[in-house]
Amino acid sequence: SSKRAFIAGVADDNGYGWAIAKSLAAAGAEILVGTWVPALNIFETSLRRGKFDESRVLPDGSLMEITKVYPLDAVFDNPDDVPEDIKSNKRYAGSSNWTVKEVAESVKQDFGSIDILVHSLANGPEVSKPLLETSRNGYLAALSASRGSSLSLTYIASERIIPGYGGGMSSAKAALESDTRPHSFARYIIHRIKSTGPLRSRAAKAIGFIDTMIEYSIANAPLQKELSADEVGNAAAFLSSPLASAITGAVIYVDNGLNAMGVGV
Ligand code: NAD
């Protein structure tokens, strides 16, 4: 019987969330997504107007269907947590039931249950600042947006120094991976995004060093090719499938092998 997946962190067709949704849809899953509230309007409009139709094409030629798009802000668990300035912000005021608990309740009401939960979001407001210059608020925001789920995306900066990946994001990823073990949930690491072109994710562009990192990886990784978002999507589909039934609590590298290198060439 077909599985139902909820993918949190899809707001365009460039990011890993979208690629994961596609791989899961291609494997027969029903797709629900959680979209950051301020990005909801433009995402739904673009979907409706067919702007993503080309990227919705699945290997069998059919189009990925998203059964429902839920507004979500993963930083807030319930309405009591939401500060006044956000409540009254007009980009938030137009939507309702977007805190984590409310979304969970809505999904339960609409569908009963889900089988697969993917966390594909990141928000490090100070990611371009070195960790030591990061404010307490920026640091806590980065950690807060990265709380665990059954499958999430992390980054090598959790264990090695990656200059330029600041704002507490390296700490957030380390926490995410550590939480994986007590939760015994599947998790994998990605190091690179698809290309230097317009397909770079919004989050990756905010970091700023993505082009350099892609070049570095192609020059130094054992598999000398670009990493495509689809490869990450396929790894996610595998980990969510019965084929991975003995894998849990793990961090899986999907990085063309770059993590195995001791020095660059
Ligand atoms: P992306 O910009 O496509 O995805 C991030 C999403 O998070 C966006 O859709 C954004 O709207 C959403 N978001 C931000 N704050 C939110 C909040 N409070 N509540 C709900 N949604 C929120 O970028 P991406 O690179 O595809 O990122 C997906 C995941 O992959 C992130 O966890 C990121 O850290 C991880 N990752 C990316 C790379 C990379 O090279 N791009 C490398 C390693 C890990």
Side-chain angles (χ1 to χ4, degrees), residues 6-22 33-43 46 55 69-77 81-82 86 91-92 95 98-100 102-103 118-125 127 140-149 151-160 162 164-165 167-177 187-196 198-214 216-217 226-233 235-236 251-256 258-259:
F6 185 95
I7 301 127
V10 179
D12 57 38
D13 59 349
N14 288 335
Y16 283 132
W18 179 271
I20 292 168
K22 276 180 74 174
V33 304
T35 300
W36 196 29
V37 189
L40 180 75
N41 214 340
I42 182 151
F43 179 63
S46 305
S55 345
V69 178
Y70 291 87
L72 167 71
D73 195 318
V75 166
F76 305 111
D77 283 340
D81 298 339
V82 183
I86 296 220
R91 293 199 294 174
Y92 281 82
S95 300
W98 40 257
T99 66
V100 174
E102 290 171 296
V103 174
V118 180
H119 177 287
S120 183
L121 59 92
N123 196 1
V127 65
L140 292 175
L143 264 93
S144 174
S146 283
R147 292 177 62 194
S149 63
L151 198 141
S152 54
L153 287 88
T154 180
Y155 185 47
I156 191 77
S158 62
E159 46 180 319
R160 308 275 163 78
I162 306 287
Y165 195 77
M169 281 303 295
S170 58
S171 328
K173 292 307 193 188
L176 191 66
E177 287 174 29
R187 176 148 309 156
Y188 59 92
I189 290 200
I190 353 138
H191 296 172
R192 299 290 172 273
I193 192 167
K194 186 168 179 176
S195 77
T196 57
L199 286 176
R200 289 174 308 162
S201 72
R202 189 198 60 89
K205 282 188 230 162
I207 301 166
F209 63 35
I210 193 77
D211 295 324
T212 317
M213 296 309 270
I214 290 167
Y216 181 89
S217 178
E226 271 182 30
L227 177 70
S228 83
D230 292 348
E231 291 174 299
V232 172
V251 176
I252 310 286
Y253 293 89
V254 184
D255 68 341
N256 287 323
L258 186 63
N259 73 89

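Both counts, for ligands and for their atoms, begin at 1 and track the order of listing.
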- Heavy-atom contacts with Leu72 under 4.0 Å: which atoms of ligand 1 show up? List them by number with element. 19 (N), 20 (C)
- Just say parallel, tilted or perpendicular for the rings of Phe43 and Trp18, cut-offs at 30° and 60°. perpendicular
- Task: Output the list of atoms in ligand 1 that are nearer than 4.0 Å to some heavy atom of Ile210, sorted by atom number.
- Result: 40 (O)
- Message: For ligand 1 and Thr154, I'd like to know whether there is a polar contact (N/O to N/O, distance under 3.5 Å).
- Response: no
- Query: Below 3.5 angstrom, do we get any N/O pair linking Ala145 and ligand 1?
  - Reply: no
- Taking the side chain as every heavy atom from C-beta outward, state whether Ile162 and Phe209 have any pair of such atoms under 4.5 Å apart. yes
- Task: Enumerate the atoms of ligand 1 whose separation from the nearest heavy atom of Gly15 is less than 4.0 angstrom.
- Result: 3 (O), 26 (O)
- Run the numbers for me: atoms of ligand 1, each under 4.0 Å from some heavy atom of Asn123, listed by number. 14 (C), 15 (N)
- Backbone or side-chain N or O of His119 under 3.5 Å from ligand 1 N or O: no
- Query: Which pair of non-hydrogen atoms, one from Asp12 and one from Asn14, has the smallest distance, and what is that distance?
  - Reply: OD1-N, 2.9 Å
- Does a side-chain heavy-atom distance below 4.5 Å link Asp73 with Trp36? yes
- Task: Apply the test side chain to side chain contact (heavy atoms under 4.5 Å, CB included) to residues Ile207 and Met213: give CA-CA distance (whole Å), side-chain angles for both, the deciding distance (0.1 Å), then the verdict.
- Result: CA-CA 11 Å; Ile207 301 166; Met213 296 309 270; over 6 Å; no
- Message: Heavy atom to atom 7 (O) of ligand 1, shortest distance: which of Leu121, Asp12, Val100 holds it?
- Response: Leu121
- Task: Start with the C-alpha gap between Val100 and Phe76, add the side-chain angles, then the distance that decides, and say whether side chain to side chain contact (heavy atoms under 4.5 Å, CB included) holds.
- Result: CA-CA 6 Å; Val100 174; Phe76 305 111; over 6 Å; no
- Task: Determine whether any heavy atom of Asn14 lies closer than 4.0 Å to an atom of ligand 1.
- Result: no
- Query: Would you find a donor on one side and an acceptor on the other, under 3.5 Å apart, between the side chain of Ser158 and the backbone of Lys173?
  - Reply: no
- Item | Within-cut-off N or O pair, Ser201 and ligand 1, under 3.5 Å | yes
- Ala39, any N or O under 3.5 Å of ligand 1 N or O: no
- For Ser146 and Leu143, indicate whether the former's side chain and the latter's backbone hold a donor-acceptor pair under 3.5 Å. no
- Can you list the atoms of ligand 1 that are under 4.0 Å from a heavy atom of Leu153? 29 (C), 30 (O), 32 (O), 35 (C)
- Query: Around Asp81, counting heavy atoms of other residues, nucleotides and ligands shown, do more than 12 lie under 6.0 Å from its CG?
  - Reply: yes
- Which atoms of ligand 1 are found less than 4.0 Å from any heavy atom of Lys173? 31 (C), 32 (O), 33 (C), 34 (O)
- Ligand-side contact atoms (ligand 1) for residue partner Ala11, heavy atom cut-off under 4.0 Å: 9 (O), 11 (O)
- Mark up the atoms of ligand 1 that fall under 4.0 Å of a heavy atom belonging to Ala74, in ascending order. 17 (C), 18 (N), 19 (N), 20 (C)
- Item | Crowding at CG, Leu140 (>12 non-hydrogen neighbours, <6.0 Å) | yes
